[in-house]
Number of protein chains: 2
Amino acid sequence: MSTARKRAPSARSLETKAKILDAAELVFAERGFEGAALRDIATLAAVPVGLVHHHGRSKEELFCQTVRRRATEMAQIRMESLARLKESGDLTLYAILDCFMRAYITLAETEGAPWRAYGRLVAHVSSDPRWKGLTEECFDPTASAYLDEILTLYPDAERAAAAAGQVYSVSSMLAHRNSGWRIDALGEGHQETELERLVTFCAAGFEAILNGS
Amino acid sequence: MSTARKRAPSARSLETKAKILDAAELVFAERGFEGAALRDIATLAAVPVGLVHHHGRSKEELFCQTVRRRATEMAQIRMESLARLKESGDLTLYAILDCFMRAYITLAETEGAPWRAYGRLVAHVSSDPRWKGLTEECFDPTASAYLDEILTLYPDAERAAAAAGQVYSVSSMLAHRNSGWRIDALGEGHQETELERLVTFCAAGFEAILNGS
DNA sequence: GTCTATATGTAGATAGAC
DNA sequence: GTCTATCTACATATAGAC
């Protein structure tokens, strides 16, 4: 068939492609899809512009690939965390949300720029209906798995209520990572924004709407 | 002085400027700052491109003016609502958050496109540090006033904790308005996303972190 | 204030040599 | 796969007639 893959790419090629994706995620995260220029990505990756087109196929494709690469890894980590939590038997709403959030926040706080950029990338993706397809592909499976677990704990709750709680929680988590400057400005001080506080907020809010539905 | 204002603009001029701002808020909301083209704004407003430059001075200035126009009105409404609430004497955390959120959600649900666009505009502004100055000017005074009221109810709470709650709450409110498609997708159904549910979530979460701090 | 014409820069994409 | 050169389109901004 004509759909057969070409022969495996060389090590050099893979390395170049990785460099391009590394640069792309920083630039896309910083400036958004429209604001990012392929030329800046090429410069940061220290490759000619042509190569960015060659590996990315198009700006839109490159953006999707960039998100997909991290999202795949993130989803895997989150599913493993959830599996471990289920084995531990400590299934509470707080524990499930903590599991979901800690998986990312830990990476962002310890693994440096790439994962910090990913948070902003996700914020761009999930605030623009343009990326609806990408969202469904990258985020929905994991979100649904966690949602199911929560609904098991609250069998009388409506799924729609839980879905709202999930979306509010994720947006709070993104604000926690991406809008620390807002919290500092309003709070008149600098703080290690604590993960516990975020999870406490979301768990209490979540429980309130699950019981009330 | 050379800072003296020129003579008052004609009625025609004010009308044109309003048309331009009306168009600008829709285009900026839809496509973000970078993605919006002054040409599209001009087309939508049915004026030549040159006029957009004349009234806006620059793309960045035009963006700020667009946000400022609605933000000023929003801030006034929110401050009046808060004053009325204080007179009523029914000062609870839930009532304060309901007051803050209902002020906007009502406009978005009853006043059509412009106020719905404003929600997305605010999301763009508060997710990009580039607009830090604009944020401080347009949103911080109102946010602080509500924050003070909440801290009066919880005198032992840290201001930093309340600031975090405020930021989480606002981001949840923006998600409520702007990411309804996400809630629908995860909830597998269409719903009148209810304001009560949002306020319940935020009030419960807020209280949990205020008591715990 | 209004509008036309144009200046200037830069974007994404492509063709083709190596 | 890699890289250079170039095509085409459209962006913001300005100068100047009305």
Side-chain angles (χ1 to χ4, degrees), chain A residues 4-67 69 124 128 130-131 134, chain B residues 4-67 69 124 128 130-131 134:
Chain A
R5 291 297 273 265
K6 312 189 195 79
R7 70 168 162 286
S10 69
R12 172 97 186 281
S13 171
L14 287 175
E15 202 178 309
T16 304
K17 170 133 198 181
K19 270 201 307 184
I20 290 172
L21 288 180
D22 289 345
E25 81 184 335
L26 293 182
V27 176
F28 279 131
E30 187 74 20
R31 308 223 261 264
F33 178 74
E34 316 280 358
L38 297 190
R39 286 181 153 73
D40 297 339
I41 295 173
T43 303
L44 185 59
V47 302
V49 218
L51 266 192
V52 177
H53 276 99
H54 178 78
H55 282 102
R57 310 275 301 170
S58 77
K59 191 183 183 183
E60 196 164 322
E61 257 294 307
L62 178 64
F63 183 81
C64 293
Q65 290 173 32
T66 303
V67 173
R69 182 179 62 158
H124 286 126
D128 192 340
R130 162 183 203 159
W131 306 114
L134 189 63
Chain B
R5 291 297 270 267
K6 312 186 196 80
R7 70 169 164 286
S10 69
R12 171 97 188 281
S13 172
L14 286 175
E15 204 177 308
T16 305
K17 171 132 197 183
K19 272 201 307 184
I20 290 171
L21 287 180
D22 289 346
E25 84 185 333
L26 292 181
V27 176
F28 279 133
E30 188 74 21
R31 308 222 261 263
F33 178 75
E34 316 280 357
L38 296 191
R39 283 178 148 71
D40 297 339
I41 295 173
T43 303
L44 185 59
V47 302
V49 217
L51 267 192
V52 177
H53 276 98
H54 178 77
H55 282 103
R57 309 275 302 172
S58 77
K59 191 184 183 182
E60 197 163 322
E61 258 293 308
L62 178 64
F63 183 82
C64 292
Q65 290 173 33
T66 304
V67 173
R69 182 179 62 157
H124 286 126
D128 191 340
R130 164 182 200 156
W131 306 115
L134 189 62

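These figures come from a predicted structure and were not determined experimentally. Just so we're on the same page: letters track the sequence lines, and every chain starts at 1.
In this structure, Arg69(B) CZ and Gln65(B) CD are separated by 10.0 Å, a value rounded to the nearest 0.5 Å. With rounding to the nearest 0.5 angstrom, the CG atom of Leu51(B) is 11.5 Å from the NZ atom of Lys17(B). In this structure, the separation between OG1 on Thr43(B) and CG on Leu38(B) is 10.5 Å, given to the nearest 0.5 Å. Taking NZ of Lys59(A) as the start and CD1 of Ile41(A) as the end, the distance is 7.5 Å to the nearest 0.5 Å. Here Glu30(A) contributes atom CD and Asp128(B) contributes atom CG; the two are 8.0 Å apart, rounded to the nearest 0.5 Å. Between atom NE2 of residue His124(B) and atom CZ of residue Arg130(B) there is a gap of 12.5 Å, rounded to the nearest 0.5 Å.
Ring geometry for Phe28(B) against Phe33(B) counts as parallel: the plane angle stays under 30°, on a 0 to 90° scale with 60° as the upper cut.
Atom C1' of nucleotide dA13(D) and atom NZ of Lys59(B) are separated by 12 Å, given to the nearest angstrom. We find that CG of Leu38(A) is positioned 9 Å from P of dA11(C), with the value rounded to whole Å. Between the P atom of dG1(C) and the NZ atom of Lys17(B) lies a distance of 9 Å, rounded to the nearest Å. In this structure, Ile20(A) places its CD1 atom 8 Å from P of dT2(D), rounding to the nearest Å. Rounded to an integer number of Å, the gap from CG of Asp40(A) to P of dG9(C) is 17 Å. Atom NZ in Lys19(B) sits about 13 Å away from atom C1' in dG1(C), given to the nearest Å. In this structure, CG of Leu62(A) is placed 14 Å from C1' of dA13(C), rounded to the nearest angstrom. Rounded to a whole Å, the CD1 atom of Ile41(A) is 12 Å from the C1' atom of dA11(C).
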Interface polar pairs with nucleotides 14-18 of chain C, N/O, under 3.5 angstrom:
none

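Ser58(A) has no side-chain polar atom (N or O) that falls below the 4.0 Å cut-off from OP1 or OP2 of dG12(C). The side chain of Thr16(B) contributes an N or O atom lying less than 4.0 Å from OP1 or OP2 of dT2(C).
Of all heavy-atom pairs spanning Ala45(B) and Ile20(B), the tightest one is CB-CA, 4.1 Å.
Between Val47(A) and Arg39(A), the one whose closest nucleotide on DNA chain D sits nearer the 5' end is Val47(A).
DNA chain C lies under 4.0 Å from at least one heavy atom of each of the following residues of residues 24-36 of chain A: Ala36(A).
Here dC3(D) is the nucleotide among dT2(C), dA13(D), dC3(D) with the atom lying nearest to any side-chain atom of Pro48(A). The listed nucleotides are dT2(D), dA11(C), dT2(C); the one nearest the side chain of His55(B) is dT2(C).
Here the rule is side chain to side chain contact (heavy atoms under 4.5 Å, CB included) with Thr66(A), and of Leu21(A), Asp22(A), Leu26(A) only Leu21(A) fits it.
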